[in-house]
Amino acid sequence: MTPIRTRFAPSPTGFLHVGNIRTGLFAWLLARHYNGQFILRLEDTDKKREVSGSDQHLLDCLKVIGVEWDEGFDIGGPLGPYRQSDRLDIYKKWAQKIIESGRAYADPYTPEEVETFREQARQEKCAFLYRNHRPENPPVWDGTTPLRFKSEPKGYSWHDEVMGDLATGPEVIDDFILIKSDGYPTYNFAHIVDDAEMQITHIIRGQEFIASVPNYLNLYEALSLTPPIMATMPHILGTSGNKKLSKRDGAKDVLDYIRDGFLPDALVNFIASLGWNDGTEQELFTREELIEKFSLERVGRGGARFDEQRLIWMNGHYIRELSPDELFKKASDFWPEAAKDTSDEKKRQILSLAHDRLKTLADLPQLTSFFFIEPTPDWNLVATNKQLKKIERTELQALLKTAHDKLAATEFDEASLTAALNELLQATQQKPAVLFGIIRLGLTWAPFSPGLAETMAVLGKEVTLRRLENAATTIVN
RNA sequence: GGCCCCUUCGUCUAGUGGUCCAGGAUAUCUGGUUCUCAUCCAGAAGACCGCGGGUUCGAAUCCCGCAGGGGUCACCA
């Protein structure tokens with residue numbers, strides 16, 4: 001059995017959002033699953049829509065999530081070039097072959113004339129078919145006009161690895177453009193040539209192409225090519241409505257998610273589980289498990305909504321699975337500004353307290369800022385606390401003072417601090433919710449924070465005592 | 001409008017004729033974990049399986065119709 005070869009063939013027309021990258025991810029998973037090859041091809045035949053720099057951006061997005069290709073437009077390979085704009089001669093050669101076999105002809109109409117035909121079809125509320133206007137004696141193609149495929153209308157039935165058995169009638173077959181008047185091939189032509197030359201065995205693409213497949217089948221026949229196996233992915237839907245995810249619904253690219261503190265592994269797991277599962281109740285998959293278990297047959301046919309909540313949950317899970325060292329490395333760009341002079345050792349201590357609490361790495365500042373800067377007392381936090389708001393301010397003040405004095409005589413390691421807190425509880429006869437509540441606020445002035453003893457241990461004796469004293473003196477206001 | 005595809009808890013999904021008065025996860029809510037938040041644990045609520053007909057002793061699962069949604073009908077991919 002020949003090894004399978006899949007490809008991801010994006011266009012450099014902007015950014016690669018998470019919906020689009022899934023197609024690439026699945027193609028990659030399939031290739032790896034069967035120990036085949038994964039090829040990265042750049043489909044840059046539309047000069048008008050090209051956005052400069054987006055080819056590099058594509059590479060960055062794929063690299064950051066750990067998708068690696070065996071041949072590609074950046075690294076080359078035996079069947080290149082892999083950038084379509086570098087393959088113009090190849091398309092010309094194939095075009096010549098079709099012309100010679102009588103299956104292509106020069107399009108003599110101006111775009112305006114074609115638009116008139118199209119408008120007419122619209123008025124009659126029927127599908128536009130260029131072949132109804134096929135010229136009887138087209139001029140010899142000189143490369144300045146579009147070259148059209150001369151189709152042979154007929155019905156097709158074919159198998160799609162995801163969608164199952166599909167069939168259409170001859171009414172969908174039309175004469176489409178192979179080479180545009182600017183000399184560049186259309187996607188419709190170029191991808192067929194490229195997939196053949198690059199020996200692609202499986203085409204994985206979005207459902208916007210499904211309606212064109214019969215036309216491709218017609219062209220494969222004209223070219224005497226065996227079509228690759230096809231797999232059509234349903235769209236990923238935006239957070240609202242039923243349209244496919246787009247930039248307009250706030251779709252972000254992979255790099256945006258990394259910047260927002262998401263982990264590549266979480267992203268990969270999440271994107272893979274949109275529309276795919278292994279048939280068990282497993283939700284979390286390592287990269288190796290995905291490769292091992294992935295199959296096209298288990299890709300769902302319906303569109304899946306991109307639910308960021310689920311991604312956040314998954315990301316929290318992957319963060320918790322990180323070792324302290326790994327987390328420290330990954331978190332390096334996410335520390336609050338005020339942390340820049342803090343030692344790595346201190347940061348590691350702080351990070352260990354925040355570890356379980358992080359949903360994304362970007363949560364780090366709000367979880368830890370009081371370790372780096374003096375928090376501003378916010379008595380609203382007391383006024384809205386359901387235990388503390390019932391207590392007289394003077395009593396809270398007394399508690400803070402008692403705590404201060406007790407802690408002044410305590411070693412600042414976690415065990416001693418825990419013991420001291422317990423003794424305070426005894427001595428004051430207060431509920432933990434009150435005593436610990438006011439101490440916690442006096443120390444952090446944050447709506448939430450790590451456990452008390454750990455927090456004090458990291459803050460250190462000097463800072464802890466100063467903050468408690470400060471809280472006690474400002475409380476009268 | 002033609003053609004094609006899709007349709008199970010809010011969301012991601014399991015489910016290929018009986019073990020499904022539909023399971024898991026997430027999100028939500030409640031309780032527990034000496035304080036908050038998070039984790040973890042326990043529990044609750046949440047889907048008349050898009051609707052209507054069949055077939056069958058029996059259907060989320062098979063068939064037919066309908067509806068809704070989506071895609072496509074480019075010198076874009």
Side-chain angles (χ1 to χ4, degrees), chain A residues 9-11 13 43-46 48-49 107 109 111 114-115 118 121-130 145-148 160 163-164 166-169 171-172 174 176-182 184-188 190-191 205-214 232 234-235 237 239 241-244 270 273-284 300-314 316-317 320 354-359 363 366-367 381 385 387-388 418 421-422 425 431-441 444 446-452:
Chain A
S11 297
T13 52
E43 310 225 314
D44 60 340
T45 57
D46 186 349
K48 292 186 291 293
R49 292 206 312 157
D107 179 345
Y109 301 115
V114 178
E115 187 49 39
R118 209 191 315 279
R122 256 195 293 269
Q123 303 258 315
E124 291 164 11
K125 289 201 179 291
C126 58
F128 169 66
L129 282 176
Y130 183 94
T145 62
L147 181 70
R148 289 224 178 229
D160 185 287
M163 293 300 173
L166 306 174
T168 52
E171 68 281 355
V172 303
D174 197 16
F176 57 91
I177 289 175
L178 301 171
I179 308 269
K180 298 179 274 186
S181 60
D182 64 2
Y184 281 81
T186 57
Y187 164 84
N188 301 140
H191 90 275
R205 74 213 330 170
Q207 72 174 48
E208 63 271 28
F209 293 104
I210 206 164
S212 305
V213 168
T232 299
H235 283 144
L237 277 25
T239 35
N242 284 320
K243 300 276 190 190
K244 76 168 176 176
F270 176 71
S273 63
L274 282 178
W276 175 86
N277 72 83
D278 72 341
T280 71
E281 286 178 351
Q282 187 169 350
E283 311 275 343
L284 299 161
R301 299 181 184 182
R305 194 172 301 276
F306 188 92
D307 179 12
E308 220 173 78
Q309 291 286 15
R310 205 174 152 77
L311 172 60
I312 288 170
W313 159 69
M314 218 172 248
H317 166 83
R320 269 172 258 126
H355 197 152
D356 276 3
R357 280 160 247 259
L358 293 170
K359 299 272 198 198
D363 292 340
Q366 69 162 142
L367 241 29
L381 291 168
N385 181 293
Q387 291 288 341
L388 298 180
T418 304
L421 286 172
N422 281 330
L425 222 40
K431 284 189 280 194
V434 173
L435 178 67
F436 296 164
I438 190 62
I439 297 176
R440 192 190 72 79
L441 283 175
T444 65
F448 41 84
S449 59
L452 246 193

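In this text the structure is predicted, and so the values were computed from the model without any measurement. So that the names make sense, note that chain A is the first sequence line, chain B the second, and so on, each numbered from 1.
No donor-acceptor pair under 3.5 Å is formed between the side chain of A:Thr13 and the backbone N or O of A:Arg49. For the pair A:Glu124 (side chain) and A:Cys126 (backbone), a donor-acceptor distance under 3.5 Å is absent. No side-chain donor-acceptor contact under 3.5 Å links A:Asp107 to the backbone of A:Pro146.
For the C1' atoms, the distance linking B:rC9 with B:rC4 amounts to 30 Å, nearest Å. On the C1' atoms, B:rU33 is 11 Å away from B:rA42, given to the nearest whole Å. To the nearest whole angstrom, the two P atoms, one in B:rG18 and one in B:rA60, are 11 Å apart. With both ends at atom P, the span from B:rU19 to B:rC5 equals 31 Å, rounded to whole Å. Using atom C1' as the reference point in both B:rG53 and B:rU30, the two lie 44 Å apart (nearest Å). Distance check on atom C1': B:rA47 versus B:rA27 gives 16 Å, rounded to whole Å.
Within 4.0 Å (heavy atoms only), A:His355 reaches no atom of the nucleic acid at all.
Between the side chain of A:Asn385 and the base of B:rU36 there is no donor-acceptor pair of N/O atoms closer than 3.5 Å. For A:Gln207 against B:rG70, a side-chain-to-base donor-acceptor contact under 3.5 Å is absent. Put simply, the side chain of A:Arg357 and the base of B:rC37 share a donor and an acceptor less than 3.5 Å apart. One can find a donor-acceptor pair under 3.5 Å joining the base of B:rA25 and the side-chain atoms of A:Arg310.
Set against B:rU26, B:rU34, B:rC3, the side chain of A:Leu425 has B:rU34 as its closest nucleotide. Side chain of A:Lys180, nearest nucleotide from B:rG24, B:rC75, B:rU34: B:rC75. Relative to the side chain of A:Lys125, the nucleotides B:rG1, B:rC35, B:rA25 differ in distance, and B:rG1 lies closest.
Pair assignment for B:rC9 gives none, since no Watson-Crick or G-U wobble pairing has each distance under 3.5 Å. Remark: B:rG1 base-pairs with B:rC73. Criterion, Watson-Crick or G-U wobble with two distances under 3.5 Å.
Nearest-nucleotide assignment on RNA chain B puts the 5′-proximal partner with A:Leu166, out of A:Arg440 and A:Leu166. For A:Met163 and A:Ala127, each mapped to the nucleotide of RNA chain B holding its nearest heavy atom, the one lying further toward the 5' end belongs to A:Ala127.
For the residue pair A:Ser449 and A:Arg440, a side-chain donor N or O sits within less than 3.5 Å of a side-chain acceptor on the partner.
Neither OP1 nor OP2 of B:rG70 sits under 4.0 Å from any side-chain N or O of A:Arg301.
Between A:Asp307 and A:Arg310 no salt bridge is recorded (no basic side-chain N to carboxylate O distance below 4.0 Å).
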